[in-house]
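First the structure, in the form of structure tokens, and then the observations on it.
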Amino acid sequence: MAPRSLLALLALAASAGALNVVRNKNFGKLQGGYLFPEIGRRRTAFAEKNPELAEKIISLGIGDTTKPIPEHILSGLVNGAKKLGTVEGYSGYGAEQGKGDLREKIAASCYGDRVKASEVFVSDGAKCDISRLQLMFGSDVVSAVQDPSYPVYVDTSVMMGQTGEVNKETGQFDKLVYMPCAAADDFFPDLAKVPRADVYYFCSPNNPTGAVATRAQLEALVARALKDGSILVFDAAYAPFIRSEGTPTSIFEIEGSRQCAIEVNSFSKYAGFTGARLGWTVVPDELTYSDGSSVRDDFNRVMTTGFNGASNIVQEGGMACLDPEGKKEIDTLIDYYLGNAEILRGLADDLGLDHYGGVDSPYVFVDLKGHSSWDTFSTILEEAQVVTIPGAGFGPGGEGYLRFSAFAPREACLEARERISKIDIFKGQ
């Protein structure tokens, strides 16, 4: 009888339809799908509709690296895996904050004496840490984002309940502060016109615009955060692409930043770790909330409660990245991708379009002369079989732009330039 009763209950449950669990209402506010899966969906739909063209598709879209992991860095990953096969080298759970020697190496190699190892939290990537920071901040803070900006800042703010509904006229969420970043201002916000926020998110080199903030601009940003008593979350995931002398690669090069800033970084884009997953966040000891409690201690609690630490194998790869040999390999990878960016800047020139970035950044942001970014994306996919990223996917401020990613293979960039240059999208403009 028991099995029959169980089957009856299962049948009753199936017939009842939806579960009696209330959905998190904040997910209902999100606009469509997350940008990059949506790009993938459209690419797949095109390939299914045009199977004879599927193999011709070139991607200048999502910022996923394509060069293999170099030899010395790879040896770190291999040795890390081999250790787990020996009694002497085996390790189980590690410190949730990361291996002590890696934290020390990141602090010394990337920050000199500006950051302590105890302030470095090793993770599985900058994107993941942005979500963890949002979990720490909670729903009561007011967040500010660049417009256009990397979608994760906006979407995680929405998921956490920090925003109201989206304004159908502007495409912006109520209760979220947008910092307009126009080409005329080198994609840096006019801070005098930005309302106060509790948390400011800022990315340099920027995704998607490719803009790199100057020292003076970062000094103004830190001064604003200090004045407001706010926290600045600085996304430096593309910092090693900066080659221009005198341009800061870390917010902690700016005086006063330890009193207001958190920095996230990652090995993904410049060491080929998009699939291996390894990053870090720096939370200085000086950061305190209005009640005097430690921001670092709260982030430590998030990491130790909701994370079991980055892979031991991948952390060994991270150690190799920061060896002299690993740094040379990273420089070679960056040279390669910046060479691709130069080709894509040439493509924009071929089309007679203004463009930004691609010098100290792997992204080239192209002004479409008033054309719709999604329409242009579709035209280029259909007529040239090249995937790009529409600027509108990065917020209302990105409409009318297209982003090219330099992370494709060199031959793909050359082929994409040749194909797209033949399209008459902008004829007569």
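Side chains are part of it too, since the values below use all heavy atoms of this structure and drop only hydrogens, waters and symmetry mates.
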| Face-on cation placement of Arg132 at Phe307 ring, 6.0 Å and 45° thresholds | yes
| request: Give a yes or no on whether the backbone of Ala192 and the side-chain of Asp190 come within a donor-acceptor separation of less than 3.5 Å. | output: yes
| For Lys83, what residues pass the salt bridge (Lys or Arg N to Asp or Glu O under 4.0 Å) criterion, not counting sequence neighbours? | Glu316
| request: Would you check if Val387 and Ile58 make a side-chain contact, meaning some heavy-atom pair closer than 4.5 Å? | output: no
| said: Quiz question: by atom type and distance under 3.5 Å, do the side chains of Thr274 and Thr65 form a donor-acceptor pair? | reply: yes
| field | Residues which pass salt bridge (Lys or Arg N to Asp or Glu O under 4.0 Å) with Lys105, listed by chain and number, not counting sequence neighbours | value | Asp323
| said: Is the distance between the ring centroids of Tyr238 and Tyr363 under 6.0 Å? | reply: yes
| field | Cation-aromatic face contact Arg103/Phe121, 6.0 Å, 45 degrees | value | yes
| field | Derivation and outcome, salt bridge (charged side-chain N to carboxylate O under 4.0 Å, His left out), residues Arg296 and Glu286 | value | CA-CA 9 Å; Arg296 183 204 169 280; Glu286 288 89 330; over 6 Å; no
| query | Residues in salt bridge (Lys or Arg N to Asp or Glu O under 4.0 Å) with Lys328, at least two apart? | reply | none
| query | Which of these, Glu119, Glu253, Glu263, Lys116, sits in a side chain to side chain donor-acceptor pair (under 3.5 Å) with Tyr111? | reply | Glu263
| field | Donor-acceptor side-chain pairing of Ser143 and Lys175 below 3.5 angstrom | value | no
| task | Give me the ring orientation class for Tyr201 and Tyr153: parallel if the planes are under 30° apart, tilted from 30 to 60°, perpendicular past 60°. | result | parallel
| message | Just to verify, what does Lys25 make a salt bridge (Lys or Arg N to Asp or Glu O under 4.0 Å) with, not counting sequence neighbours? | response | none
| said: Regarding Asn308 and Glu96, do their side chains bring together a donor and an acceptor under 3.5 Å, going by distance alone? | reply: no
| task | Might you work through the salt bridge (charged side-chain N to carboxylate O under 4.0 Å, His left out) test for Arg215 and Glu219, ending with a clear yes or no? | result | CA-CA 6 Å; Arg215 181 173 295 276; Glu219 287 172 346; 5.0 Å; no
| Candidate pair Ile262 and Leu232, rule side chain to side chain contact (heavy atoms under 4.5 Å, CB included), full reasoning | CA-CA 6 Å; Ile262 293 171; Leu232 168 62; over 6 Å; no
| Any side-chain donor near an acceptor of the partner, Ser230 and Asp198, under 3.5 Å | no
| task | Give a yes or no on whether Glu255 atom CD has more than 12 heavy-atom contacts from other residues, nucleotides or ligands under 6.0 Å away. | result | no
| Close side-chain approach of Ser91 and Leu84, heavy atoms under 4.5 Å | yes
| query | Strictly by modelled atom types, are Asn26 and Lys29 linked by a side-chain donor-acceptor pair under 3.5 Å? | reply | yes
| Non-neighbouring partners of Asp147 that pass side-chain contact (heavy atoms from CB on, under 4.5 Å), sequence neighbours left out | Gln172, Tyr178, Pro396
| Exceeds 12 heavy-atom contacts within 6.0 angstrom, atom CG of Asp335 | yes
| Just wondering, do Phe241 and Val212 contact through their side chains at under 4.5 Å, heavy atoms? | no
| said: Taking CG in Asn24 as the centre, count heavy atoms belonging to other residues, nucleotides or ligands within less than 6.0 Å. Is the count above 12? | reply: yes
| What side chain to side chain donor-acceptor pair (under 3.5 Å) pairs are there with at least one residue in residues 339-352, not counting sequence neighbours? | Asn340-Arg410, Glu342-Arg345, Asp349-His355, Asp350-Arg417, Asp350-Ser421
| request: Say whether Ser268 and Arg277, considering side chains only, have a donor N or O and an acceptor N or O under 3.5 Å apart. | output: yes
| query | Are Glu415 and Arg419 within salt-bridge range, i.e. N to O under 4.0 Å? | reply | yes
| field | Residue Gln259 excluded, over 12 heavy atoms near CD under 6.0 Å | value | yes
| query | Are the ring centres of Phe365 and Tyr356 closer than 6.0 Å? | reply | no
| Pair Asn206-Ser204, side-chain donor/acceptor within less than 3.5 Å | no
